[in-house]
Amino acid sequence: NAGVTQTPKFQVLKTGQSMTLQCAQDMNHEYMSWYRQDPGMGLRLIHYSVGAGITDQGEVPNGYNVSRSTTEDFPLRLLSAAPSQTSVYFCASSYPSGGRPNNEQFFGPGTRLTVL
Amino acid sequence: AQSVTQLGSHVSVSEGALVLLRCNYSSSVPPYLFWYVQYPNQGLQLLLKYTSAATLVKGINGFEAEFKKSETSFHLTKPSAHMSDAAEYFCAVSGRDDKIIFGKGTRLHILP
């Protein structure tokens, strides 16, 4: 199993450009999430999904869109990039049991995004 | 909504000394709690989790944490620090909804 994969590893954008960060997992996990990591801020939840066709907002959803058309894929779209979106983005997945997510989240290697 | 507070953004301990990383949580329902470790330029790896079974939870690499409901705490400890423990540590909570919220992290420095 490849686990959680993210592409690209690095990306530089100009202000106003749009792009999609890709995330895929091959573990048949229902729960997937996107976080951004900034120095001194820890990981902040952007969006999450409890299954195909179901997404919801996290702590910092503004400027980002997601969709979940399949169990495997959970892309994150930046609609109009801003310098404040310069960050490292992590995708994660897990297999929740008994309702609330209570299992280990498996993290991808991250995408380092710079917006000029 | 649930939240996590990690006391101390940086903690330094001598090699062989006790490691204590503090985590306090807020949740309107009995929480699920997690500790993750991040080594430089890597993703996060689960150290241990609490899901309402035993209050003392043992994890990988000799780490353990104790859930104390009265103190709303889930502090991470290791009896004897090793140089390889230098990393950033994150506490996380899963509460009423499906969100898993992380703290701001504590960077652990090991002094020779």
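Because the structure is a prediction, the values reported are computed rather than measured. In what follows, chains are A, B, ... by sequence order, proteins preceding strands, each numbered from 1.
Of residues 55-68 of chain A, those residues lying under 4.5 Å from chain B by any heavy-atom pair are A:Gln57, A:Gly58, A:Glu59.
At a 4.5 Å heavy-atom cutoff, B:Ser9 makes no contact with chain A through either its backbone or its side chain. Interface residue B:Glu88: only side-chain heavy atoms are found under 4.5 Å from chain A. For A:Arg112, the part lying under 4.5 angstrom from a heavy atom of chain B is the side chain only.
Atom CG of B:Leu46 is separated from atom CZ of A:Phe106 by 8.0 Å, given to the nearest 0.5 angstrom. Of the inter-residue distances, the one linking A:Met41 atom CE with B:Lys104 atom NZ reads 5.0 Å to the nearest 0.5 angstrom. Once rounded to the nearest 0.5 Å, the distance linking CD1 of B:Ile101 with CG of A:Leu45 reads 5.0 Å. Atom CZ of residue B:Phe90 and atom OH of residue A:Tyr35 lie 11.5 Å apart, to the nearest 0.5 angstrom.
Transitive grouping of hydrophobic side chains (ILVMFWY, heavy atoms separated by less than 4.5 Å) keeps A:Trp34 and B:Phe102 in distinct clusters. With hydrophobic clusters built from ILVMFWY side chains whose heavy atoms lie under 4.5 angstrom apart, A:Phe90 does not share a cluster with A:Ile46. Hydrophobic clustering (ILVMFWY, side-chain heavy atoms < 4.5 Å, transitive): A:Met32 and A:Val50 are in distinct clusters. Hydrophobic clustering of Ile, Leu, Val, Met, Phe, Trp and Tyr side chains at less than 4.5 Å, counting indirect connections, unites B:Met83 with B:Tyr39. Under the 4.5 Å side-chain heavy-atom criterion for grouping Ile, Leu, Val, Met, Phe, Trp and Tyr, B:Val37 is connected to B:Val4 within one hydrophobic cluster.
Of the listed residues (A:Leu43, A:Asp38, A:Val4), the greatest number of heavy-atom pairs within a distance under 4.5 Å of chain B belongs to A:Leu43. Contacts with chain A were tallied for B:Asn41, B:Leu44, B:Thr51; B:Leu44 has the most, counting heavy-atom pairs under 4.5 Å.
Residues A:Tyr48 and B:Lys99 come closest through the heavy atom pair CE2-CG, 3.4 Å.
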N/O donor to acceptor pairs below 3.5 angstrom from side-chain atoms of residues 58-69 of chain B, sequence neighbours left out:
residue	atom	partner	partner atom	Å
B:Lys58	NZ	B:Glu64	OE1	2.8

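For the residue pair A:Gln37 and B:Gln38, a side-chain donor N or O sits within less than 3.5 Å of a side-chain acceptor on the partner.
Listed for the B:Tyr36 side chain is a donor-acceptor partner under 3.5 Å among the backbone atoms of A:Gln105.
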